[in-house]
Amino acid sequence: MGAAVPTGLSGPLRARCDERDWLVEADEQLAALQRRCGGTFPGMVAVPALLALVRKARCEHLRLSRTVAVNDDGQPIALWARVEPFGNGTIVEISQWRAAPEGEAVPLGDAALLDHVAGLSARLDEKQRVILAEARDSRLGALADDMTGRRGSRWTDFVSLAEPGAREGLHWRLLDGSTVTVPGVGETWQARIIPRAAGGLDLFLIAEAIGSVPGPVQRKDGEKIAGGYHALLARELGPALVKPINRIIANAETIRTRLAGPLAEAYGGYASDIAEAGRHLLGLVEDLADLEAIEAPDFRTAPDAIDLADCARRAAGILQVRAAEREISLAVPPEHPRVPATGEDRRVLQVLLNLVGNAIRYSPENTTVTLRCGVRDGHAWISVEDEGAGLSIEQAARVFDKFERLGRSGDGGSGLGLYISRRLARAMKGDLTAGRSDSGGARFELTLPAR
């Protein structure tokens, strides 16, 4: 039976984490949640998404806030978490704690993915007025401070809508996906708006160069790396298709969650089917855009110093809600030891999200998807293993072929995810292989140069 959810909180719940990301001080409700999620108190933060947030705030010395999804004894819970550096560790504040209505999953998957790449995130009320804002890109720091200092103003008061004919009084559904410019910042940004089941909206500003269609990547030393925008789909068709598809998904989710008013149960199901079909179509468009980018003769990746164990935990945190919906557990590497490697952080996460997402999709319910990592023969490696039917030798040999779906014609996939993932792995001077796990399921292993 799920635990009682705190309601009517008079103030935020607080906790403190040390330099190991251990929860060492906490209000009783947070300490109890820590134990219910399989952790100890004191002990390592047991909620993967919160652990990722705590670690990022500590390592990058940033003040961060976002929605965190938790499966609390089978009960989907949504928390609004704020984390800021404190000494060698961090301070955590939980200002909202909400249980989803019975039978309704917390719709946080899209928001979690957008939040990961957003340069700025903001909470809005139903009239698109700012409640709070947080910048992850230093170029948007002044904008976040201005928005926070002028709470109650519409978010469109702080930016310029770049599209001809756009008006500030539009409904949020018509502003989702719009292009905006920020005073004093040369780059253009895409505004994504996601409705919250608890009421209100989440706003994300994403640099168009790292949106769903790959663009030029900037090295830390300032050198631009070629790739993307050279091909027809990436340059023209991709952006043209992504925006209307996103609106279809957003409108369908608005209907499904009944934010626009009461609705017959059957129509809610129709809206859910429309949203799911839209996501499949969007995934196909994004895969085709990625395909054109990686097959360009001048495609290269930007090497970063990364920790594969941390990448594994972040990927699992993003997909935790999707796994919980299918009653699948995600087993991730422990905090220590770390597995240092060289690879482009964004691309490594893209590969892992594809591998873990596939494992969740094709695994039986009530099973475990396990992520392991280590160093072998001068290479760092990370594996994703499931407890499904596994792959035959023949299937393992052709699973990375372009448009190969191994006979699965009704799953909505493009058959490009693994092909793109292997090309990305090899572009980072590594590889991606497939085989059988010791339990008989499928096992995929990504290798990268050890650092």
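FYI, side chains are in, hydrogens and waters are out, and symmetry mates aren't considered; it's all heavy atoms of this structure.
You'll find the side chain of N358 stays beyond 4.5 Å of the side chain of F444, heavy atoms only. Q128 has its side chain within reach of I193: a pair of non-hydrogen atoms, C-beta onward, lies under 4.5 Å apart. Using a 4.5 Å heavy-atom cutoff, the side chains of L330 and R322 are not in contact. Between D431 and R426, the closest side-chain pair of non-hydrogen atoms falls below 4.5 Å. R372 places a side-chain heavy atom less than 4.5 Å from the side chain of W381. Residues W189 and D137 are in side-chain contact: their nearest non-hydrogen atoms beyond the backbone lie under 4.5 Å apart. Residues E385 and V369 are not in side-chain contact: their nearest non-hydrogen atoms beyond the backbone lie 4.5 Å or more apart. Within the 4.5 Å cutoff, the side chain of R150 has no heavy atoms near those of the V130 side chain.
With a 6.0 Å radius and a threshold of 12 heavy atoms from other residues, nucleotides or ligands, N88 has its CG atom at or below the threshold.
Between R314 and D345 there is a salt bridge, with a side-chain nitrogen of the basic residue lying less than 4.0 Å from a carboxylate oxygen of the acidic one. Residues R35 and E28 are paired through a salt bridge, judged by an N-O separation under 4.0 Å between the basic side chain and the carboxylate.
Listed for the D307 side chain is a donor-acceptor partner under 3.5 Å among the backbone atoms of A309. Formation of a donor-acceptor pair under 3.5 Å by the D27 side chain with backbone atoms of Q29 is not found in this model.
E387 pairs by the side-chain hydrogen bond (donor to acceptor under 3.5 Å, both in side chains) definition with nothing, not counting sequence neighbours.
Considering CG of L418 and CG of L432, their distance stands at 7.0 Å, rounded to 0.5 Å. To the nearest 0.5 Å, atom CD1 of residue I360 and atom CD of residue E365 are 12.5 Å apart. The distance from the CG atom of D21 to the CZ atom of R313 is 8.5 Å, given to the nearest 0.5 Å. The line from SG of C17 to CG of L51 is 8.5 Å long, rounded to the nearest 0.5 Å. One finds the CZ atom of R14 at 11.0 Å from the CD1 atom of I94 (value rounded to the nearest 0.5 Å).
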Please report the C-alpha distance between V180 and W155 in whole Å, then the side-chain angles of each, then the deciding distance to 0.1 Å, and finally whether the side-chain contact (heavy atoms from CB on, under 4.5 Å) criterion is met. CA-CA 11 Å; V180 303; W155 71 273; 4.2 Å; yes

side-chain contact (heavy atoms from CB on, under 4.5 Å) for L132 and R82? Distances and angles first, verdict last. CA-CA 11 Å; L132 55 87; R82 181 183 181 88; 5.7 Å; no

Begin with the C-alpha distance, continue with both residues' side-chain angles, and end with the deciding distance and a verdict on side-chain contact (heavy atoms from CB on, under 4.5 Å) for L355 and L371. CA-CA 10 Å; L355 296 180; L371 288 79; over 6 Å; no

Carefully, step by step, assess V54 and V92 under the rule side-chain contact (heavy atoms from CB on, under 4.5 Å). CA-CA 8 Å; V54 167; V92 179; 3.9 Å; yes

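T370 and T368 are not linked by any side-chain donor-acceptor pair at a separation below 3.5 angstrom, with hydrogens and angles left out of the test.
The two residues P303 and T342 come nearest to each other via the heavy atoms CB-CG2, 3.8 Å.
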